[in-house]
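These notes are about the structure you will find just below.
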Amino acid sequence: MAEGTSGRRRFSDKWGKHELDVLAVLSSAFPQWLTSRQIAQRVKAYADSYGELADQAAKAAFAKQFQRDRAKLAAMGIAIESRQPEYSSKSEGQDFASYRLQLGDEPRIRLMFEAEDMPVLAAANYLARSMSISSEPDQAQVAARTSRTTPRVPQTPIPGLGLDSIAPGLGTQHIPDTLVKVIDSRRFAATIDVDGEHLNVAYTDSDDLAMFVLEHPGATIVSPQEAVDAYHRRLHAASQFTLADESASPVSASVVSPAISRDISEPGDPESIKAQNKKNGSAFQTGSEVDRRLRLMLFLSAHLGEEFSMGELAERFIGKPKNDDELKKFVNIIHKDINTLTTVSDDGEMAGSQFFDIDWPLLDAEGIVSATNSLGLERLAGISPQYLSMLTASVSYLAHSPLLPDKQRAQAEDLYERLRQHVSPGQTPWLSLTGYELEPRSFSVVKRAINTDSLLDMEYTDGTGRTRRKLVAPSKIFIDEGVYYAAVYTDVGSAAPKDKKAYVSKDKTIDKANGKPRTWQVLRLARIEKAELVKPTKKIDVPNMPVSELRKWSFDNGTEAVFITDQRELPFIKTLSGATVEQCGAGEKVHLTVSSDSWFVAFCIAHARHITAVAPETLRTMIIARAERELSISENK
């Protein structure tokens with residue numbers, strides 16, 4: 001029995017595979033329950049360290065190590081359920097639960113994925129797992145609320161390994177850094193009821209979530225309770241707004257809004273989101289030896305009798321080798337993994353990790369792996385119906401958001417059509433990331449025109465509802481009041497192909513508002529019905545025009561609004577296109593032109609914890625009325 005110099009028991013794991021041994025012991029015993037003592041006796045590393053659990057020190061050390069191993073397996077998608085043993089005179093003071101592997105409780109769905117599906121599937125898995133993890137209750141709080149006498153329940157696994165077992169290579173895919181940044185910045189998840197449908201929403205903070213709810217009339221927060229309480233605090237604060245002084249100081253600074261523009265070669269995120277938690281792009285893509293062996297074990301269990309070359313397994317579970325030497329190295333690693341998975345401990349009474357039999361002559365002669373005689377672990381391979389629903393929602397969301405390149409979005413759409421056939425109608429828990437739920441269909445083509453210095457032949461709906469066609473040079477995409485806008489340059493006649501010249505705008509009259517020719521047009525992306533790229537006959541010299549200037553031109557009938565904050569340098573001020581900011585006491589006074597009164601109402605309520613006063617009185621009255629209405633609706637539910 002191993003002990004450290006301090007007298008505390010030291011865990012002995014000579015071969016570094018005790019998690020695999022735990023899995024082998026529980027799977028070979030299924031459906032029987034094993035007590036802590038039986039597990040400690042059968043897993044060699046435990047037996048070496050804790051013996052027969054003859055004293056309290058051994059029991060405590062074993063319990064701590066076993067729970068760590070149990071959590072590790074759960075994080076890989078393998079759940080171990082527990083129950084309290086019944087007391088009897090033969091229990092010899094045993095005061096631990098009994099355990100067994102959670103197998104066969106629900107059907108697993110197995111699908112065939114193509115190589116081109118892998119990048120999209122990895123991104124969707126990252127999003128789905130982020131939602132699953134961020135919506136979990138805090139474990140410390142759960143533990144505090146649970147009585148020691150409460151029967152234990154199955155430890156919920158974090159899904160992912162079951163998918164990895166039928167889509168090998170998932171863990172070696174690169175997930176775009178921009179996608180990781182956006183997902184990681186939305187660190188929380190809430191369930192929102194929108195017209196009777198439940199929507200899982202990932203959000204950055206309570207202000208962010210409140211804005212989402214207020215922009216979806218009739219929406220209410222279902223869970224968690226902390227999010228409901230935070231929303232109500234904002235409603236109460238908004239109902240107490242005072243009237244702001246509308247006078248403007250000559251000393252003020254303009255807010256420069258970010259935009260996708262021809263002026264930058266690598267367009268940035270249109271919302272300029274900075275990740276709060278910087279995580280590695282490979283997060284959730286497990287990479288340790290034990291993790292790799294678990295994935296390999298499940299993959300072979302799910303494909304008993306099938307033949308795989310060592311090179312194929314190496315590329316799927318380690319990555320694409322750069323050269324022949326690296327391929328040899330990867331193959332040797334896989335060979336070592338297979339040896340580990342088929343090793344039985346020297347002591348015949350101790351269970352080892354022999355999950356299946358390997359056709360060794362075939363492996364030695366031709367380098368082909370074929371496994372048989374699984375311990376029933378193939379039942380873990382595949383996707384659970386619940387996780388498939390979340391994964392399907394993630395794929396659908398990525399197909400309709402600006403978070404993936406156009407080619408991958410098209411692949412996501414194709415993958416969604418295949419996945420939805422395996423999901424029952426009404427069972428998909430649709431999800432959204434705040435700020436990305438309403439991307440117009442034309443976003444991609446307009447962005448592509450900007451990136452490639454192309455002209456755009458567009459059909460759009462004007463203010464009267466008529467459909468028009470025009471050839472333009474898109475210059476910028478910016479977000480204002482939660483809506484995507486495109487600024488297009490219309491004086492493109494000199495660069496228009498002959499067959500497109502009829503669609504060039506010839507309006508060069510002077511705009512009375514600014515005294516300049518009408519060579520710019522600002523329109524909502526949602527109004528563009530059709531659009532296609534057109535190669536210009538020569539390079540177009542599109543003048544640079546600040547978003548704040550373009551915004552003034554487009555808001556002929558806007559409302560001049562003011563609000564006062566209790567602090568300076570608040571981050572949400574930086575999202576307000578064309579606003580001017582001046583110091584006001586301990587905070588700031590913000591002046592802006594509002595095109596949508598309802599947007600301003602939602603904005604002020606969502607940020608009510610830092611806003612003390614608003615103007616004009618008409619908007620203040622609307623804000624208070626909306627806040628009181630939302631509170632009354634919540635109280636009646």
Side-chain angles (χ1 to χ4, degrees), residues 123-124 126-138 141 178-195 197-238 258 269-279 283-284 390 393-394 396-398 400-403 428-439 479 481-484 570-576 599 601-611 626-627 630 634:
Y126 186 88
L127 174 56
R129 293 194 64 186
S130 297
M131 294 290 290
S132 301
I133 292 170
S134 63
S135 61
E136 286 182 353
D138 182 75
Q141 293 182 4
T178 52
L179 176 66
V180 173
K181 182 185 75 170
V182 169
I183 293 175
D184 287 356
S185 70
R186 288 154 177 77
R187 298 162 296 165
F188 310 102
T191 302
I192 310 295
D193 185 306
V194 183
D195 299 326
E197 299 288 340
H198 280 192
L199 190 71
N200 293 308
V201 177
Y203 61 98
T204 303
D205 54 30
S206 296
D207 291 0
D208 190 28
L209 182 63
M211 191 72 185
F212 181 91
V213 172
L214 291 162
E215 287 188 316
H216 292 75
T220 56
I221 303 173
V222 177
S223 64
Q225 187 59 42
E226 292 83 355
V228 176
D229 296 340
Y231 181 55
H232 285 171
R233 284 195 295 271
R234 281 154 180 76
L235 295 175
H236 283 294
D269 174 5
E271 289 184 288
S272 189
I273 297 164
K274 293 183 179 179
Q276 301 293 327
N277 287 346
K278 281 199 172 183
K279 298 179 184 175
F284 303 139
M390 182 64 80
S394 299
S396 175
Y397 184 78
L398 292 176
H400 298 91
S401 75
L403 296 173
T428 304
W430 297 113
L431 58 85
S432 178
L433 304 182
T434 49
Y436 281 90
E437 68 281 2
L438 297 174
E439 182 228 333
I479 295 178
E481 301 183 3
V483 176
Y484 287 90
L570 291 167
F572 65 82
I573 304 298
K574 298 175 184 177
T575 65
L576 301 174
W599 172 86
V601 168
F603 178 86
C604 289
I605 295 176
H607 300 91
R609 61 182 180 143
H610 289 305
I611 294 177
R626 178 73 189 275
E630 291 290 329
S634 299

Task: Nearest heavy atoms of L179 and A123, plus distance in Å - done: CD2-CB, 3.4 Å
Open item on the list: Would you say that M390 contacts N200 through its side chain, given a criterion of any heavy-atom pair below 4.5 Å between the two side chains?
Closed with: yes
Task: R626 (side chain) donor-acceptor with I605 (main chain) under 3.5 angstrom - done: no
- [ ] Hey, can you tell me if H610 and F572 have their rings parallel, tilted or perpendicular (30° and 60° cut-offs)?
- [x] parallel
Open item on the list: Minimum heavy-atom separation for A210 and R234, please, with both atom names.
Closed with: CB-CD, 4.1 Å
Open item on the list: Looking at every non-hydrogen atom in both residues, tell me the closest pair between H198 and T191 and how far apart they are.
Closed with: ND1-CG2, 3.8 Å
Open item on the list: As an exercise, state the distance from CZ of R233 to CG of D229, rounded to the nearest 0.5 Å.
Closed with: 6.0 Å
Task: Rounded distance (nearest 0.5 Å) linking atom OG of S185 with atom NZ of K181 - done: 8.0 Å
Open item on the list: Looking at every heavy atom in both A219 and E630, which two are closest together, and how far apart are they?
Closed with: O-OE1, 4.5 Å
Task: Closest non-hydrogen atom pair, A238 against A608 - done: N-CB, 3.7 Å
Task: Interatomic spacing from CH2 in W599 to CE in M211 - rounded to 0.5 Å - done: 6.0 Å
TODO: To the nearest 0.5 angstrom, please state how far the CD1 atom of I192 sits from the CG atom of L209.
DONE: 4.5 Å
Open item on the list: To the nearest 0.5 Å, what is the distance between OG1 on T434 and OH on Y203?
Closed with: 9.5 Å
- [ ] Report yes or no: does Y397 contribute a side-chain atom to a donor-acceptor pair with the main-chain N or O of L433 at less than 3.5 Å?
- [x] yes
TODO: Give the C-alpha distance, both sets of side-chain angles, the deciding distance and a yes or no for side chain to side chain contact (heavy atoms under 4.5 Å, CB included) between I221 and F212.
DONE: CA-CA 10 Å; I221 303 173; F212 181 91; over 6 Å; no
- [ ] Starting at CG of D207, measure out to CZ of R609 and round the result to the nearest 0.5 Å.
- [x] 4.0 Å
